[in-house]
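Remarks on the structure that follows.
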Amino acid sequence: MSLLRYLVWFILGWLVFYFVKRLVNKTKKPGKVSRKPKPPIDHMVRCGKCGLHVPQQEAIQDGDRYYCCQEHHDSDRAQP
């Protein structure tokens with residue numbers, strides 16, 4: 001009989017601990033999740049030679065046209 005009494009007291013103690021812990025966690029303000037901020041999405045432009053889309057910062061601009069590399073820029077300018 002005494003083993004059953006200890007088991008009941010243990011279960012009651014665990015339930016009290018569990019509900020107190022839940023209550024304390026609810027009242028705390030949620031902490032910030034430490035995530036790396038996503039880099040801003042660059043505006044994508046289309047290469048005037050091959051049609052590949054590249055970020056505007058990485059593109060080579062010639063007037064209103066953009067190119068993905070110097071080779072495409074040079075070859076497109078060489079054509080009449």
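For Glu71, the side-chain hydrogen bond (donor to acceptor under 3.5 Å, both in side chains) test picks out no residue, with sequence neighbours left out. Listed by chain and residue number, Ile11 satisfy the side chain to side chain contact (heavy atoms under 4.5 Å, CB included) test with Leu7 (two or more places apart in sequence, or in another chain). For Asp74, the side-chain hydrogen bond (donor to acceptor under 3.5 Å, both in side chains) criterion is met by Gln70, not counting sequence neighbours. For His73, the ring-ring contact (aromatic ring centres under 6.0 Å, His included) partners at least two apart in sequence or on another chain are Tyr67.
Residue pairs meeting the salt bridge (Lys or Arg N to Asp or Glu O under 4.0 Å) criterion with at least one partner in residues 59-69, sequence neighbours excluded, are Asp62-Arg77, Arg65-Asp76. Residue pairs that meet the side-chain hydrogen bond (donor to acceptor under 3.5 Å, both in side chains) test with at least one member in residues 47-60, sequence neighbours left out, are Gln56-Tyr66.
Taking both residues in full, the closest heavy atoms of Cys68 and Cys47 are given as N-SG, 3.4 Å, listed atom of the first, atom of the second, then distance. In terms of heavy atoms, Cys69 sits closest to Ile60 at C-CD1, 3.3 Å.
Residues Val45 and His43 have side chains in contact (heavy-atom distance under 4.5 Å, counting atoms from C-beta outward).
Taking hydrophobic clusters as Ile, Leu, Val, Met, Phe, Trp and Tyr residues chained together by side-chain heavy-atom distances below 4.5 Å, Leu12 does not share a cluster with Leu4.
Checked against the 6.0 Å centroid criterion, the rings of Tyr18 and Trp14 qualify as a close aromatic pair.
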